[in-house]
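Okay, structure first, notes after.
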Protein chains: 2
Amino acid sequence: MKAEKISELTTNRLSIYLRCLLELRSEGQSTVSSAALAKRFHLNSAQIRKDLAYFGEFGIRGVGYYVDTLIDNLRTILGLDHDHNVCIIGSGRLGTALADYNGFRKSNFSVKALFDADAKKIGKKVGGAEIFDIKNFQSVVKRNNIDIAVIAVPADSAERVLELVAKAGIKAVMNFAPVPLKASDHLKVRTVDLTTCLESLSFFLAGTESINGSGLKPKRNTRRKR
Amino acid sequence: MKAEKISELTTNRLSIYLRCLLELRSEGQSTVSSAALAKRFHLNSAQIRKDLAYFGEFGIRGVGYYVDTLIDNLRTILGLDHDHNVCIIGSGRLGTALADYNGFRKSNFSVKALFDADAKKIGKKVGGAEIFDIKNFQSVVKRNNIDIAVIAVPADSAERVLELVAKAGIKAVMNFAPVPLKASDHLKVRTVDLTTCLESLSFFLAGTESINGSGLKPKRNTRRKR
DNA sequence: TGATGTGAAGCGGTTCACAGCC
DNA sequence: GGCTGTGAACCGCTTCACATCA
């Protein structure tokens, strides 16, 4: 049986839809049409309908969607109808910040453990979770029913850590190390690459400078033919 | 003059290529072919060539690319041939973690200031940068030549902060608030949405459970026709 | 009437495959 | 011979437009 052939883009949008619907519900709305949802949150109505229709017929023609039931359905689809236990590998600046970060603690995700190789850190607590020795990775993962791993180690350790994660049977990984880890079919990796993100912004800035400045393209030796 | 019609996907890849080339250089390689680069880092050779060719003819047929000169060219293209000054708005857990985070301090990006509305925080130092009152945003930005803003405030303040950022003339924004901020032509926003990322992983996990478990799809009321 | 669900068209990005050049 | 640069084919996602149904 194929895992799923629903693109990451779609699942990301489902998450956004859920968030939007929660906002609407908090405002007391009980139904919403795809058009209204789209206008309110700068989305595309056809895309909303298509994304949702992939999982069932949740809407009512002439009416729209019931906010409450659509929220329930999205939560089920996204696997948010049960809790997820998260571990963070690497308790440097980023790792501890993430452990402490509210976004991870809210909703259905709770950080159950951190890991490090540095003996001085082991045993300390960060945001309610203990730092364990990476040597005990597998047993701590099993004991705490951890199903999501966050990789927050330096680039050169990331590959090795991923193997460890895979061996422990974890199937979902959020990777903050600036390396393109290759996922297998049974292990999904989402890489959040802050450096790439910044450099991409820098590229954009380099382009705007030429607009505000001389009108020349930024200096690039870019004669098409030499 | 059009800003650029180069996709975000392309610029992200340019950043990756640069990183890969730096690694090759540190290993003493002086030339590399697109095929070798692709194989080594799990990329696609045609895509590498196409991405690079967009900016000039950097390669030599029969040889490949000179690592050194390609690095220089990529740095120029990405606007990394000069420094960028970054500010972080919101000095909560995430904001301070980012200020402290090495990834932001390395290379050409340096965090020059943080901002907050909480009087108790103002004046404190985080990772070498001071926390300023958000009221003085514009003047601090000007004084420090800040050209990139990181938004690390709660969702409900993000929109308001973005206006402030735009008004101060900043054109590049990295957004960690879970809201789809809409960028204008002159202001580029990159949103890093950790919640969406996690929920997308959760979706994937919900799908794999059916494989390991009963063979049934995860419980969704997904009869196509009712 | 009003909004969904969906085939079809459109579009952008990726990959192929090869002519052209070193 | 080897590898780049690039038109063309391909593929997948997005958007359109409308038949369908409450």
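Source: prediction; values computed, not measured. Throughout, protein chains are lettered first and strands after them, A, B, ... in sequence-line order, and every chain is numbered starting at 1.
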Between [X] and [Y], is there a side-chain N and carboxylate O pair less than 4.0 Å apart?
X	Y	value
R49(A)	E57(A)	no
E8(B)	R190(B)	yes
R75(B)	D81(B)	no
R19(B)	D193(A)	yes

Please set out all donor-acceptor pairs under 3.5 angstrom arising from side-chain atoms of residues 152-160 of chain A, sequence neighbours excluded.
none

Item to complete: With heavy atoms under 4.0 Å as the rule, sort S7(A) into base, sugar-phosphate or nothing.
Response: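 If one applies the 4.0 Å heavy-atom cut-off, S7(A) turns out to touch the sugar-phosphate alone, with no base involved.
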
Practice prompt. Give S34(B) one of three labels, base, sugar-phosphate or nothing, depending on what nucleic acid heavy atoms sit under 4.0 Å from its own.
Written response: sugar-phosphate

From [atom1] of [X] over to [atom2] of [N], roughly how many Å is that when rounded to an integer?
X	N	atom1	atom2	result
L52(A)	dT6(C)	CG	C1'	14 Å
R49(A)	dC13(D)	CZ	C1'	16 Å
I60(B)	dT4(D)	CD1	C1'	10 Å
L9(B)	dC13(D)	CG	C1'	12 Å
Y65(A)	dA3(C)	OH	C1'	9 Å
E57(A)	dT6(C)	CD	C1'	10 Å
I48(B)	dC3(D)	CD1	C1'	13 Å

Item to complete: For dA22(D), take OP1 and OP2 only and decide whether either is under 4.0 Å from a side-chain N or O of Y66(A).
Response: no

Worksheet entry | N/O (side chain, Y54(B)) to phosphate O (OP1/OP2, dT4(D)) under 4.0 Å |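 The answer is no; no side-chain N or O of Y54(B) sits under 4.0 Å from OP1 or OP2.
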
Discussion item. Can you pull out the residues from residues 36-47 of chain B that lie within a 4.0 Å heavy-atom distance of DNA chain C?
Written reply: N44(B), A46(B), Q47(B)

Item to complete: Return the 5'-most residue of the pair G62(B), E8(A) with respect to DNA chain D, ranking by each residue's nearest nucleotide.
Response: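 The residue whose closest nucleotide sits nearer the 5' end is G62(B).
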
Using only heavy-atom distances, decide whether a donor-acceptor pair under 3.5 angstrom links the side-chain of [X] to the base of [N].
X	N	answer
K5(A)	dG12(D)	no
K50(B)	dT15(C)	yes
R61(A)	dG2(C)	no

Discussion item. Checking side-chain polar atoms at under 3.5 Å, does S34(A) have a donor or acceptor matched by the opposite partner on S45(A)?
Written reply: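 Not at all, the side chains of S34(A) and S45(A) share no donor-acceptor pair under 3.5 Å.
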
Discussion item. Can a side-chain donor-acceptor contact be found between H84(B) and N108(B) if the only test is distance below 3.5 angstrom?
Written reply: no

